Amino acid sequence: MELWEYASAIIMSETVYEKNMQALRSVAPEVVRFAGESAPHGKETSTNYAVAQRERRTHAGVEWIDGLRRPDIQTLGVIGCGTGERIHRPMTELRLPVAVFERYPADLRHALSTYDWSSFIESGQLRFFVCAERNMKINIETSALQIRSIAANESLFMIGSTFWLDGTLRGEAYTTTRYAGVILGLEIVFPEAVENGILARATAYRAARESRGPLASRRPLHISGFVSEGTVALETIVRNLLRGFERLGHRTTLVVEKFDPLTDLIVCRRIARFLDVAPDMFLVPIFFTTHAFDIYSNLLDVPFATYMTDSPEAIIRDPEQVLPNNEIFWVEEQYGDWTEKYGGKRGSYLPLATSYDHIPAAAEDEIEPVARFIGNVYDDTGLAGIPRSQWDKLVECFWSIRTEDACGDLKHFAREAAKIIGARHVREPLHRLWSTVYRVSAMQSLAGLNVEIYGGEEWRGFLRDTPIEPCYRRKLEPNQELPDVMKRALVNINLTSLPNYYSGNMRTFDASGLGTAVVHDAKRDVVCAFKDGEEMVFFRTREELRENVRALLADRERARRIGRAGRELVLREHTYMHRAAAILKAFGVESKLPA
C-alpha cells in the first residue's frame, strides 16, 4: 500500500460522511445528491486525496490563516473544498461563517468524509453551494450568480487553490482557475475589479495574433519567460535561455512571480501584464506548468515551450495539461517516457548547456595545480553529528546501492539508511541525503591529494576531524566568483546530486566550457556527449575517482589538452544559443547561428 493510500484509509471515514449527509438532508438536499455522484472510497476518491495532499504540503509551515484575522471579513468564501483544512480551521479557530462553492463531487465527498461538520451545517455556519450543470458556461454563470448573491449582503473574502484567486468587493486582486471561462464568472461577481475586462481584452488579443500568422512568419519574435520567486536554479536556466534567444536576434521578457501562500498565484494580474507585453511565445520550466498551461494556452492562444529540468509530476497528476500548442523539451529520458505515457506527447531531448560561454578561458599562467569541487551538501537533520561508526556503515551502504552510471534506487537507500542512522535523518526530498553521502564520501576518498571544496557552511560539520578538513574554502558568488575560481583549476570534479540518468546540474557544461579538465561521474547523457579521456574523464567507483584526479594532477599537459578539447566541443554544440535555436525549430522557426 502506498503511503498516501494508507493515510487516506486512516483519515477518511464513512461514519463522518453519513453524519454530514444527515445534517445536509434537512437543509440542502441538492448537495446530498451532488456528493452522492462520487464513489465511496474507490479510485476516484483516492486520486483526489493524493491531489489534496499536494495542496496540504503547499501550506505546510505557513500560517496562512493569520491573513483572515481582519475585522471587515464577515464571511469566508471558499472555492473548492481542497483537503477541507481551509474550511475547518477558519470555522473552528476564527468562528467565521463559511460558504463553500464546489464543482467536483469527488472532492466534496472527500472533505465530508474527513471532518465532522454536522453541527456547523445545522447551525448555518457552514453552507455548501454546488452546480450540477454539465455545460461549463452555464455552470460558471450559475456559480458566479450564487456567489454574487451572497457578496451583495455580506463582506465576502474569497480564498481558493489553483482553480480560483481571491477577491474582495473593494476591487482587490483575485485569482482564477486554469479554465479560461472562470474569468467570465469572476467578471460577473466582481465586475469593478476587472480593469477593462480581462476576457474582452484577451479576446481582442487573440484576434490580433491570428492576423499576424504563424511564428515562422514573424521576425523578430518576443519571447516571455516566467518563473516563481525563490527558484534560483530554474531562474538561472530560464535567464540563460532568454539570453540565447537574444543572441539569435529576438526580444525577451522575464517575469518572476511571487508565490502567495494564502491565495496562490495572482493569475489575473499576470494575464493583464502579458496582454500589455504581447509575447509571441512563452518559456517555462516544469515547476511552473501546473499554474500556467491551460489559462494562457486557451485564453491567450500563445504557444508554450516547456523545458523539463525537473521531475514532471504535474503531467502525471493532470495529463490534460499537455496541450497541442505546447512543445515539451526534457533533459532526462525518463521524463520523455512519462510525458508520452501520461500526456500522449513525447517531446524532445534537450540537455542543459554552459552558463559561461561569454567568459574567456584562463590564461595558461593562471591555471593552478589543484582539483576543485563546487557544490553543496545538506545537514538539516543533524546528519553530520552521527557517530563515526554509523557514518561509515551509511557510506558503505550507499556505494553498494549506487550503480556504475551514478544512479540508484532512492527509496531503497532511504529504507536502508533509516535502519542505520534512524528515520529522523531520512526526510524528503530524499536526493539531499543521497547527494550529501555521495559528495562527502567521494571527497574523503581524495585525502592526500591537492583538492579544494567550495560550497555552503554545512561542509564544515561533515569534514570536521577528517584528513580533508583543511580542504574546505567557502561558498562562491555564482555569477562572477564561481566561474573565475572554476576556470583557474587544472581539474574540476563533478559529483551530480540526482540519482537519475542525466547529469542533473549545470557544472557538466560550465566547467568544460571554461576550458578545464573535468572528472565526472559516468552518467548516461554525459558519456554520450563527451569522449572519455579526450574531452572529459569518467569514473564509476571511489577508486577510479581518486586515480583519475591523481593522474591528471600529475600530468598537466594531458589535463590541459582534455580541457581545451572539452571547451571546443561545448562552445560548438552546447551553449544556450544552441538550445534556443532547437526550441524555435520545434515551432517551425529556423535560426541562423552567429559565428
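Please read these numbers as outputs of a predicted model, since none were measured by experiment. Scope of the values below: all heavy atoms of this structure, side chains included, with no hydrogens, waters or symmetry mates.
Under the 6.0 Å cut-off for aromatic ring centres, Phe329 and Tyr307 do not qualify, their centroids lying 6.0 Å or more apart.
With salt bridges taken as basic N to acidic carboxylate O contacts below 4.0 Å, none links Lys19 and Glu14.
The side chain to side chain contact (heavy atoms under 4.5 Å, CB included) test applied to Arg432 returns Tyr378, Asp380, Pro429, not counting sequence neighbours. Applying the side chain to side chain donor-acceptor pair (under 3.5 Å) rule to Glu18 yields no partners; only residues at least two apart in sequence or on another chain are considered. Residues forming a side chain to side chain contact (heavy atoms under 4.5 Å, CB included) with Glu122 (at least two apart in sequence, or on another chain): Ala23. Remark: Thr381 pairs with Leu383, His425, Arg427 by the side chain to side chain contact (heavy atoms under 4.5 Å, CB included) rule, at least two apart or across chains. Under the side chain to side chain contact (heavy atoms under 4.5 Å, CB included) criterion, Arg346 pairs with Trp330, Glu333, Asp337, Glu340, sequence neighbours left out.
Between Phe282 and Phe304, the ring planes lie tilted relative to each other; the angle falls in the 30° to 60° range. Between Trp391 and Phe462, the ring-plane angle classifies as tilted under the 30° and 60° cut-offs. The aromatic rings of Phe128 and Trp117 sit tilted relative to each other, their planes meeting at an angle between 30° and 60°.
Shown here for Glu458 and Val377, the closest heavy-atom pair between the two residues is CB-O, 3.7 Å. The heavy-atom pair separating Val238 from Leu254 by the smallest distance is CG1-CD1, 3.8 Å. Nearest heavy atoms, Ser503 versus Thr496: O-CG2, 2.7 Å. What you find for Ala35 and Leu112 is that their closest heavy atoms are CB-CD1, 4.4 Å. Summarising the geometry of Cys397 relative to Ile420, their closest heavy-atom pair is CB-CD1, 3.9 Å, with the distance given to 0.1 Å. Listed here is the closest heavy atom pair of Gly225 and Leu242: N-CD2, 4.2 Å.
To the nearest 0.5 Å, atom NE2 of residue His88 and atom CG of residue Asp116 are 9.0 Å apart. Distance CG/Leu283 to CD1/Ile223: 8.0 Å, rounded to 0.5 Å. For the atom pair Glu327 CD and Met281 CE, the distance stands at 10.0 Å (nearest 0.5 Å). Atom OH of residue Tyr438 and atom NE2 of residue His431 lie 15.0 Å apart, to the nearest 0.5 angstrom. Remark: Leu430 CG to Lys411 NZ distance equals 8.5 Å, nearest 0.5 Å. A distance of 12.0 Å separates CZ in Phe413 from CZ in Arg402, rounded to the nearest 0.5 Å.
Side chains of Leu352 and Ile237 form a contact here, defined as non-hydrogen atoms less than 4.5 Å apart. The shortest distance between side-chain heavy atoms of Ser113 and His110 does not fall below 4.5 Å. Leu126 is listed as a side-chain neighbour of Ile87, based on a closest heavy-atom distance under 4.5 Å. Annotation: side chain of Arg127 is in contact with side chain of Thr75 (closest heavy-atom distance under 4.5 Å).
With hydrogens and angles disregarded, no donor-acceptor distance shorter than 3.5 Å links the side chain of Gln125 to the backbone of Val98. Within the 3.5 Å criterion, the main-chain N or O of Gly456 finds a donor-acceptor partner in the side chain of Asn376. Formation of a donor-acceptor pair under 3.5 Å by the Asp107 side chain with backbone atoms of Cys81 is not found in this model. Judged by distance alone, the side chain of Trp434 and the main-chain N or O of Phe398 form no donor-acceptor pair under 3.5 Å. Of the possible donor and acceptor atoms, one in the side chain of Asn20 sits under 3.5 Å from a partner among the backbone N and O of Ser118.
Residue pairs meeting the side chain to side chain donor-acceptor pair (under 3.5 Å) criterion with at least one partner in residues 24-34, sequence neighbours excluded, are Gln22-Arg25.
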Kindly indicate, with the supporting measurements, whether the criterion side-chain contact (heavy atoms from CB on, under 4.5 Å) is fulfilled by Val31 and Phe129. CA-CA 7 Å; Val31 178; Phe129 297 86; over 6 Å; no
Requested in this report: Dump the intermediate steps for side-chain contact (heavy atoms from CB on, under 4.5 Å) on Phe101 and Val130, then the final yes or no.
Outcome: CA-CA 6 Å; Phe101 303 86; Val130 297; over 6 Å; no
For this session: Verify side-chain contact (heavy atoms from CB on, under 4.5 Å) between Met308 and Val331, making sure each step is shown before the conclusion.
Result: CA-CA 6 Å; Met308 285 192 181; Val331 297; 5.9 Å; no
| query | Passes side-chain contact (heavy atoms from CB on, under 4.5 Å), Thr252 versus Leu241? Steps please. | reply | CA-CA 10 Å; Thr252 66; Leu241 274 171; over 6 Å; no
